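Every value quoted in this text rests on a predicted model; they were computed, and no experiment measured them.
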Amino acid sequence: MYPVTVDKADPRYPDLAGRGINARFPADPAKIVLAGETEHVVRAVEDAVRAGERPAVRSGGHCFEALVDHPGTRTVLDLSEMKAVGFDPELKAFSVEPGATLGAMYRTLFLRWGVTVPAGRCPEIGVGGHVPGGGGGALSRAHGLSVDHLYGVEVVVVDESGRARAVLATREPDDPHRDLWWACTGGGAGAFGVVTRFLFRSPGGELSLPAPPAAVTKQTVRWQWADLDEDGFVGLVRAFSAWHEHNSAPGSPGARLDNSLTMPRAGGGPITLESAVEDGHAGLADAFLAEVRRAVRAEPETEVSTSPFLAAALVPDEYAGVKGRFKSKAAFLRSSWTEETIAGLYRRLTDESGYQNPAAAFYLLSHGGAINAAGPADTAMAHRDAVLKAYGSVFWWDPREDDLHLSWIRETYHGLFAEAGGVPDPDRGYGGAFVNYADADLADLELNRSGVPWHRLYFRDNYAALQRVKARWDPGDTFRHALSVRLP
């Protein structure tokens, strides 16, 4: 029976402690509390506060940084068994607990009600960490972000006396707790309290969420590195980016497309462009791909497949189940990088004189469309003017190589934003960074010397309002980590 408290002598400890995906950050908490319902979370949080500890919260276990698996963490609150997906008739909203994976949420919502929440492309990640950062994925250009359909949240918070309690906060204009709901729409997980239930209902109707397409057609185009010179690479990236600049307005027909461009280091596989669209609208993808291919002389390999919605949504991430050491860095783009910047990326991806890891790559992912229909302050997720997300990652296994791989991705990222101090400064043409792609470098003054504060990159003009919510709902700073909203 829950709650279950597991210490280091318990045979369950290695499995629970080792759920984090980044081997750079080994977990060593004194205890792990496995909760089964909201009251268990209240009790565990209050116990931690009474002991003077910072409770770290884990749902899916896919945090990129040491926000949970930190040397100072004594108590981990594990929500992985709180995974129910259902419907709340009183609130007329679909209810999803934080330990549910995106894949489980997609499956239950679709099979029982024929609806979905537009959320991430990786079905293995947990709802609890994903949604509070904004949440977005393959259907977001057509239907917006997860938080654009978030009606309410149940959150365990701690008052000035150290007492924990559960609060229901909704987007209703007259809800006295509305500011807490707003903070959970992009302020990041683990900063204000523990969300024990997400309530989804699209604006303007009861029992409403987007209906996904019956089937998805995906076109995959691959160019071998040997067939692309620098000019060809620059042309490809510029054409991919330019199309998104011109086809990412809310309501644009092009917003039906979800596109990605994968650029691995030479030796790590081909450069791959994927374009997905609901079956019956493949002509949109044909026109997009034709435009991109005209910019590249090399002839690619092509592949077309059509899958039912659920089969497409549940395709595992390429690194699912792999636990290595890794580092990622990301940014929002309002427009294409310059030709000079893309040429610099080409040289970083092809130069094997000092770095030869094939498990390093940069990606461009679709953004915009319906995402940008909301205002930057309508939710805490302020990035409503970008057309692309840029994402870089590097994997390795040997801890003795940490400096080598960290230096490569940090230097590459800095080069992409060199004219803005090495970061995607919103005041110098870029869109900032995505808190779900956590990058603690941005909060480290030794690594971020741009003069642009980390919170400016992640929260832009919403940060002061988020600090006011923090002061009201977490006055003792119980919930904190390297990238959590600070008290004012």
What's the spacing between [X] [atom1] and [Y] [atom2] if we round to 0.5 Å?
| X | Y | atom1 | atom2 | answer |
| --- | --- | --- | --- | --- |
| Met381 | Asn436 | CE | CG | 8.0 Å |
| Cys63 | Ile125 | SG | CD1 | 11.5 Å |
| Asn357 | Trp397 | CG | CH2 | 11.0 Å |
| Ser450 | Leu442 | OG | CG | 8.0 Å |

Can you tell if the side chain of [X] reaches within under 4.5 Å of the side chain of [Y], non-hydrogen atoms only?
| X | Y | result |
| --- | --- | --- |
| Thr75 | Pro29 | no |
| Tyr391 | Ser328 | yes |
| Ser80 | Ser59 | no |
| Phe192 | Pro132 | no |
| Ile32 | Tyr13 | yes |
| Val195 | Pro98 | no |

Any salt bridge linking [X] with [Y]? Criterion: basic side-chain nitrogen under 4.0 Å from a carboxylate oxygen.
| X | Y | answer |
| --- | --- | --- |
| Glu90 | Lys92 | no |
| Arg449 | Glu446 | yes |
| Asp28 | Lys8 | yes |
| Arg141 | Asp258 | no |
| Arg50 | Asp47 | yes |
| Arg428 | Asp425 | yes |
| Asp78 | Arg19 | yes |
| Lys31 | Asp7 | no |
| Glu65 | Lys327 | yes |
| Arg384 | Asp378 | no |
| Asp477 | Arg486 | no |

Salt bridge (Lys or Arg N to Asp or Glu O under 4.0 Å) assessment of Arg325 paired with Glu401: CA-CA 10 Å; Arg325 308 174 77 80; Glu401 298 178 357; over 6 Å; no

side-chain contact (heavy atoms from CB on, under 4.5 Å) assessment of His481 paired with Val68: CA-CA 8 Å; His481 51 69; Val68 176; over 6 Å; no

Given Leu102, Leu79, Thr101, the one that forms side-chain contact (heavy atoms from CB on, under 4.5 Å) with Val127: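 The passing option is Leu102.
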
Phe94: which of Val115, Thr116, Leu199 passes side-chain contact (heavy atoms from CB on, under 4.5 Å):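 Only one of Val115, Thr116, Leu199 forms a side-chain contact (heavy atoms from CB on, under 4.5 Å) with Phe94, namely Val115.
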
Answer yes or no: is there a donor N or O on one side and an acceptor on the other, between the side chain of [X] and the main chain of [Y], under 3.5 Å?
| X | Y | result |
| --- | --- | --- |
| Asp159 | Gly162 | yes |
| Lys323 | Gly18 | yes |
| His70 | Ala66 | no |
| Arg456 | Pro426 | no |
| Ser366 | Asn259 | yes |
| Glu97 | Ala84 | yes |
| His455 | Arg460 | no |
| Arg165 | Val156 | no |
| Ser407 | Asp403 | yes |

Tyr355 and Trp408 aromatic ring geometry - parallel, tilted or perpendicular at 30°/60° bounds: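 If you compare the ring of Trp408 with that of Tyr355, the planes turn out parallel.
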
Parallel, tilted or perpendicular: rings of Tyr463 and Phe459 (30°, 60°):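 Geometry flag for Tyr463 against Phe459: parallel rings.
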
Phe64/Phe326 aromatic ring centres below 6.0 Å: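 Yes, they do, as the ring centres are separated by less than 6.0 Å.
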
Validation row, ring centre Phe332 to ring centre His367 under 6.0 Å: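 Yes - the distance between ring centres of Phe332 and His367 falls below the 6.0 Å cut-off.
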
Stepwise side-chain contact (heavy atoms from CB on, under 4.5 Å) test for Val76 and Val33: CA-CA 6 Å; Val76 170; Val33 180; over 6 Å; no

Derivation of the side-chain contact (heavy atoms from CB on, under 4.5 Å) call for Asp402 and Trp396: CA-CA 8 Å; Asp402 283 4; Trp396 69 99; 2.7 Å; yes

Looking only at side chains, do [X] and [Y] share a donor and an acceptor under 3.5 Å apart?
| X | Y | value |
| --- | --- | --- |
| Thr196 | Thr38 | yes |
| Asp88 | Ser95 | no |
| Tyr437 | Asp439 | no |
| Thr73 | Arg54 | yes |

Could you tell me which non-hydrogen atom of [X] sits nearest to which non-hydrogen atom of [Y], and how far apart they are?
| X | Y | result |
| --- | --- | --- |
| Ala438 | Leu67 | CB-CD1, 4.2 Å |
| Ser146 | Phe200 | O-CE2, 3.9 Å |
| Ala361 | Pro264 | CB-CA, 3.6 Å |
| Ala374 | Asp148 | CB-OD1, 4.4 Å |
| Pro212 | Gly114 | CD-O, 3.5 Å |
| Thr108 | Trp113 | O-CE3, 3.9 Å |

Test ring-ring contact (aromatic ring centres under 6.0 Å, His included) applied to Phe110 - qualifying residues, sequence neighbours left out: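 Testing Phe110 for ring-ring contact (aromatic ring centres under 6.0 Å, His included), a comparison that skips the adjacent residues, returns Phe309.
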
Any pair counted as ring pair (Phe, Tyr, Trp, His ring centres under 6.0 Å), so long as it reaches residues 134-191, sequence neighbours left out: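 Pairs touching residues 134-191 that pass the test: His177-Trp473.
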
Step-by-step side-chain contact (heavy atoms from CB on, under 4.5 Å) determination, Arg410 to Asp441: CA-CA 9 Å; Arg410 286 168 175 163; Asp441 289 0; 2.9 Å; yes

Residues, nucleotides or ligands: over 12 heavy atoms within 6.0 Å of Arg107 CZ: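 At most 12 heavy atoms, drawn from other residues, nucleotides or ligands, come within 6.0 Å of this atom.
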
Worked verdict on Asp179 versus Arg472 for salt bridge (Lys or Arg N to Asp or Glu O under 4.0 Å): CA-CA 9 Å; Asp179 62 336; Arg472 180 186 178 194; 2.9 Å; yes

